[in-house]
Amino acid sequence: MNSLNKVKKSPKTGSECVDDHIITMELIKRKARQSIIKKTSTLPKSMIDWVYENTHGGDVQRGPLRTSPSFILKSSKKLKEATMFLFFFRLEFKNFPDDGFSKNVINAYDRYKKFVSIFNQSNSSTITKINISEAWQIATFNIEKSLFLVKCQYCKSSKIYIVSEPFHACPVCKN
Ligand SMILES: [Zn+2]
C-alpha cells in the first residue's frame, strides 16, 4: 500500500528499520528539510542534525513546510519543472506502489534531475528549479488531491492543475 508513511502503531521489524534508515540517508544526501526527514525517520532530531552536518558541513534547513502549492507558480520555468517532477512521480506511484511514498518521491526526483541535466546540457546549467523538499511537497499535495496532472486543452501538453488556483496559464503555450 502506498501511504504517507505515518507512524505505525505496531513495533517495527528489523528490515523496516533498515529501510527507514536508508530513506533517511537518501533524504539527507539530497539536502531535504529537517521536518521532512523527521517524518520518515525513527532517529532522534539531534542524530539527524549530526548526520546532516557531517555529510554537508552545514546545518539542516529547519522551519515549517509550505501550506499551499502556489509556490510552484513563482515562474514559468519553476512550473514547467514542477510538472516534470509530478510526471515522474505519477509514474513511480503507478508502477511501484509497494515502494511507498518516500521511495517514490526520491526515485521520481532523481529521474527528474537526470532529465533536466540532459535537457540543459547545451546551456551547461544543471541546477534544478525544484529541490527535494519542494518535490516532496508537490507529491504530498498531489496525494492530498490539491493538485493534479492534466492535459492543456489548447496545446495538449501535460500541465499542473491547482485546485486553489485554477486559472494560471499553461507554462508551454501560455494560454
Ligand atoms: Zn498549453
Side-chain angles (χ1 to χ4, degrees), residues 1-72 74 78-79 81-117 126-149 160 162-164:
M1 269 304 287
N2 221 309
S3 75
L4 291 173
N5 288 301
K6 289 185 176 128
V7 178
K8 290 173 189 154
K9 292 227 165 76
S10 54
K12 292 200 166 190
T13 64
S15 66
E16 277 178 332
C17 284
V18 171
D19 259 9
D20 282 357
H21 293 336
I22 291 170
I23 285 169
T24 301
M25 287 310 299
E26 294 301 321
L27 287 171
I28 288 174
K29 258 180 17 196
R30 289 163 185 77
K31 299 188 173 180
R33 293 177 83 90
Q34 188 192 54
S35 46
I36 287 173
I37 301 167
K38 195 72 194 106
K39 279 182 202 292
T40 63
S41 185
T42 49
L43 295 175
K45 261 188 195 170
S46 56
M47 180 85 88
I48 293 170
D49 291 353
W50 183 82
V51 176
Y52 192 99
E53 207 184 313
N54 273 275
T55 309
H56 297 299
D59 287 340
V60 64
Q61 269 196 306
R62 294 185 176 82
L65 298 175
R66 296 177 201 272
T67 53
S68 148
S70 54
F71 71 91
I72 62 174
K74 205 170 159 195
K78 188 151 186 143
L79 182 56
E81 293 200 15
T83 310
M84 280 180 212
F85 166 74
L86 185 57
F87 176 81
F88 287 122
F89 173 71
R90 292 308 306 178
L91 275 184
E92 290 289 324
F93 187 80
K94 188 175 155 220
N95 295 332
F96 306 103
D98 293 337
D99 276 0
F101 180 80
S102 308
K103 272 195 202 171
N104 285 164
V105 172
I106 290 167
N107 289 336
Y109 186 70
D110 288 355
R111 281 166 176 258
Y112 147 74
K113 273 193 89 162
K114 199 169 176 187
F115 186 80
V116 170
S117 76
T126 54
I127 297 164
T128 54
K129 292 280 175 197
I130 302 292
N131 61 41
I132 184 70
S133 302
E134 291 172 327
W136 179 282
Q137 292 199 265
I138 291 166
T140 303
F141 287 129
N142 177 243
I143 297 293
E144 290 172 348
K145 304 194 187 325
S146 302
L147 57 82
F148 303 93
L149 209 52
I160 290 181
I162 302 175
V163 175
S164 58

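Just so you know, residue 1 is the first one in the sequence shown, and it goes up from there.
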Return the set of residues passing side-chain hydrogen bond (donor to acceptor under 3.5 Å, both in side chains) with [X] (not counting sequence neighbours), or none when no residue passes.
X    : value
Q137 : none
S146 : none
S35  : none
S68  : S70

Original post:
Between R33 and N131, do the side chains contain an N or O donor and an N or O acceptor separated by less than 3.5 Å?
Top reply: no
Subject >> For F141, all residues meeting ring-ring contact (aromatic ring centres under 6.0 Å, His included), sequence neighbours excluded >> reply: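 With sequence neighbours excluded, F141 shows a ring-ring contact (aromatic ring centres under 6.0 Å, His included) to no residue whatsoever.
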Subject >> Pairing residues for F148 by the ring-ring contact (aromatic ring centres under 6.0 Å, His included) criterion, not counting sequence neighbours >> reply: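 Partners of F148 by the ring-ring contact (aromatic ring centres under 6.0 Å, His included) criterion come out as none, since no residue qualifies.
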Subject >> Residues F115, M84; criterion side chain to side chain contact (heavy atoms under 4.5 Å, CB included); working and verdict >> reply: CA-CA 9 Å; F115 186 80; M84 280 180 212; 3.5 Å; yes
**OP:** Sorted by first residue and then second, give each salt bridge (Lys or Arg N to Asp or Glu O under 4.0 Å) pair with at least one member in residues 40-54; sequence neighbours left out.
**Re:** D49-R62
Original post:
Please, which pairs that meet salt bridge (Lys or Arg N to Asp or Glu O under 4.0 Å) have at least one residue in residues 21-32, sequence neighbours excluded?
Top reply: E26-K29, E26-R30, R30-D110
Subject >> side chain to side chain contact (heavy atoms under 4.5 Å, CB included) against P64, all qualifying residues, sequence neighbours excluded >> reply: none
Subject >> Any residue meeting side chain to side chain contact (heavy atoms under 4.5 Å, CB included) with A135, in chain and number order, not counting sequence neighbours >> reply: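 In terms of side chain to side chain contact (heavy atoms under 4.5 Å, CB included), with neighbours along the sequence ignored, A135 is linked to F85, Y109, I130.
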**OP:** Can you sort out the partners of K78 under salt bridge (Lys or Arg N to Asp or Glu O under 4.0 Å), two or more places apart, ordered by chain and number?
**Re:**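 In terms of salt bridge (Lys or Arg N to Asp or Glu O under 4.0 Å), with neighbours along the sequence ignored, K78 is linked to E134.
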**OP:** Using the ring-ring contact (aromatic ring centres under 6.0 Å, His included) rule, collect all pairs that involve residues 20-55, keeping only residues at least two apart or in two chains.
**Re:** Y52-H56
Original post:
Atom OG1 of T83 and atom CG of L147: how far apart are they, to the nearest 0.5 Å?
Top reply: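 So the OG1 of T83 and the CG of L147 are separated by 9.5 Å.
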Original post:
Taking all non-hydrogen atoms of both residues, which atom of K38 and which atom of L43 are closest, and how far apart?
Top reply: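 Minimum heavy-atom contact is NZ-O, 3.2 Å.
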